Amino acid sequence: MRDPDENGWTSSAPAWIMRMVDDGDFSRQHVLDQPMLDRVSALRPGTALDVGCGEGRFCRMLSKLDIATVGIDPVDAMVEAARSRDPEGDYQVAFAEHLPFANNSFDFVVSYLSLIDIDFLDEAVAEMARVLKPGGRLLVANLSSFSTSSAMIGKRYCRDTGEVLRPLGRYLTEEKSWFEWDGLRVQNWHRPLSTYMR
Ligand SMILES: C[S@@+](CC[C@H](N)C(=O)[O-])C[C@H]1O[C@@H](n2cnc3c(N)ncnc32)[C@H](O)[C@@H]1O
C-alpha cells in the first residue's frame, strides 16, 4: 500500500485546505483559472474527472457549469474537505496511477497542477487516457519545465547588480525535491518538457 504522505501531501493538507478555499492562490485566480475555464467551455463535456483534485476547488467550478464531475486525490483529508465543501459532489480517494474507473468513462479529464506531484507519470497519463472516452480530451495545467528546472538549483544573484537570476539547472535530469512555502512542505518533480510531450 502506497503512503500518500511520501511526497508530503498528507502533512501539508491542513495548510493547503486553509489557503485554497474558493478564490485559490494568486496563480490560479489571476493566471490559470480563466484559460482553463475557457477551454472547458469550448469543449462542453458532459462528464469530467479531476485527477489530484486537492480540496476540490476546480471540481466545484466544473459542477457550476453543469458538468457531472468526479474528483480523486490520494490524501484522505483532501477528499474529506472536498466533500464537506461540496456535499453533493463525488470525491474519491485514489492515486492517479490506479484510477478506479472503467475504460471510456469520461468526456474530459483534467490535471490542474498535479503532474508535478505525481511520481509515476507514465502510468498516470496512461490511466487518464484509459478512462477517457474515444475523442475525449485531457487538459493539463503544469509548471513550465524552465521554472521547475531553475527551482531545483535555487536562485542565483548577479554579482554586479544583485539582480535575481533563475538559471536552468540540470534541465535534462528528472528529479524531485522538497519545497516549503506557506506552511506546506511537499516534493515536486522537475521533468524536461520532452518527457511531458512524450
Ligand atoms: C498542487 S495540489 C493541486 C490540487 C488541485 N488540483 C488544485 O489545483 O487546487 C496537488 C495535488 O495532487 C495530489 N497528488 C499527489 N500525488 C498524487 C498522485 N499520485 N495521484 C493523484 N494525486 C496526487 C496531492 O494530494 C494534491 O492534492
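In this text the structure is predicted, and so the values were computed from the model without any measurement. Both backbone and side-chain heavy atoms feed into the values below; hydrogens, waters and symmetry mates do not. Order of appearance sets the numbers: ligands from 1, and atoms from 1 within every ligand. Quick note: residue numbers are just sequence positions, from 1.
- Here atom 23 (C) of ligand 1 lies nearest to P74 when heavy atoms of P74, A81, S114 are compared.
- Tested against W189, the residues D119, T195, T148 include a single side chain to side chain donor-acceptor pair (under 3.5 Å) partner, D119.
- Considering every non-hydrogen atom in both L132 and R137, the closest pair reads CD2-O, 3.5 Å.
- Looking only at atom types and distance, the side chain of S111 has a donor-acceptor partner in the side chain of S114 under 3.5 Å away.
- At distances below 3.5 Å, not a single donor-acceptor pair connects side-chain atoms of S177 with backbone N or O atoms of M152.
- Applying the 4.0 Å criterion to heavy atoms of D117 picks out, from ligand 1, the atoms 1 (C), 10 (C), 15 (C), 16 (N).
- Residue A96 has at least one nitrogen or oxygen atom sitting less than 3.5 Å from a nitrogen or oxygen atom of ligand 1, judged on distance alone.
- Protein heavy atom in closest approach to atom 18 (C) of ligand 1: I118 CG1, 3.7 Å.
- With salt bridges taken as basic N to acidic carboxylate O contacts below 4.0 Å, none links E175 and R191.
- Side-chain polar atoms of D33 and Q29 form no donor-acceptor pair below 3.5 angstrom.
- Counting heavy atoms closer than 4.0 Å to ligand 1, residue N7 contributes side-chain atoms (C-beta onward) but none from N, CA, C or O.
- In summary, the atoms of ligand 1 found under 4.0 Å from a heavy atom of E97, numbered by their order in the structure, are 18 (C), 19 (N), 20 (N).
- When non-hydrogen atoms are compared, ligand 1 lies under 4.0 Å from the backbone of C53 (N, CA, C, O) but not from its side chain.
- Short contacts between ligand 1 and M78, defined as distances under 4.0 Å to a heavy atom of the residue, involve ligand atoms 27 (O).
- Under a 4.0 angstrom heavy-atom cut-off, D119 registers as lying outside contact with ligand 1.
- Ligand 1 lies nowhere less than 4.0 angstrom from a heavy atom belonging to R57.
- Residue F101 places its CZ atom among more than 12 non-hydrogen atoms of other residues, nucleotides or ligands, all under 6.0 Å distant.
- Comparing D73, D25, I72, L32 by heavy-atom distance to atom 13 (C) of ligand 1, the nearest is D73.
- A salt bridge does not link R156 with E163: every distance from a Lys NZ or Arg NE/NH1/NH2 to an Asp or Glu carboxylate oxygen is 4.0 Å or more.
- Between R130 and E127, at least one side-chain nitrogen of the basic residue sits less than 4.0 Å from a carboxylate oxygen of the acidic one, meeting the salt-bridge criterion.
- Set against the non-hydrogen atoms of V75, the atoms of ligand 1 under 4.0 Å away are 25 (O).
- Taking 4.0 Å as the cut-off, W16 counts as a neighbour of ligand 1 on heavy-atom distance.
- The local environment of NE2 in H98 is sparse, with at most 12 non-hydrogen atoms from other residues, nucleotides or ligands closer than 6.0 Å.
- Remark: ligand 1 and G52 share an N or O pair separated by less than 3.5 Å (distance only, no angle test).
- Here L113 has backbone heavy atoms under 4.0 Å from ligand 1, and that is the only part of it that gets that close.
- Ion pairing of R44 with D107 is absent here, as no side-chain N (NZ or NE/NH1/NH2) approaches a carboxylate O to less than 4.0 Å.
- For the pair F58 and ligand 1, no heavy-atom separation below 4.0 Å is found.
- When the options R28, R19, M20 are ranked by their closest heavy atom to atom 7 (C) of ligand 1, first place goes to R28.
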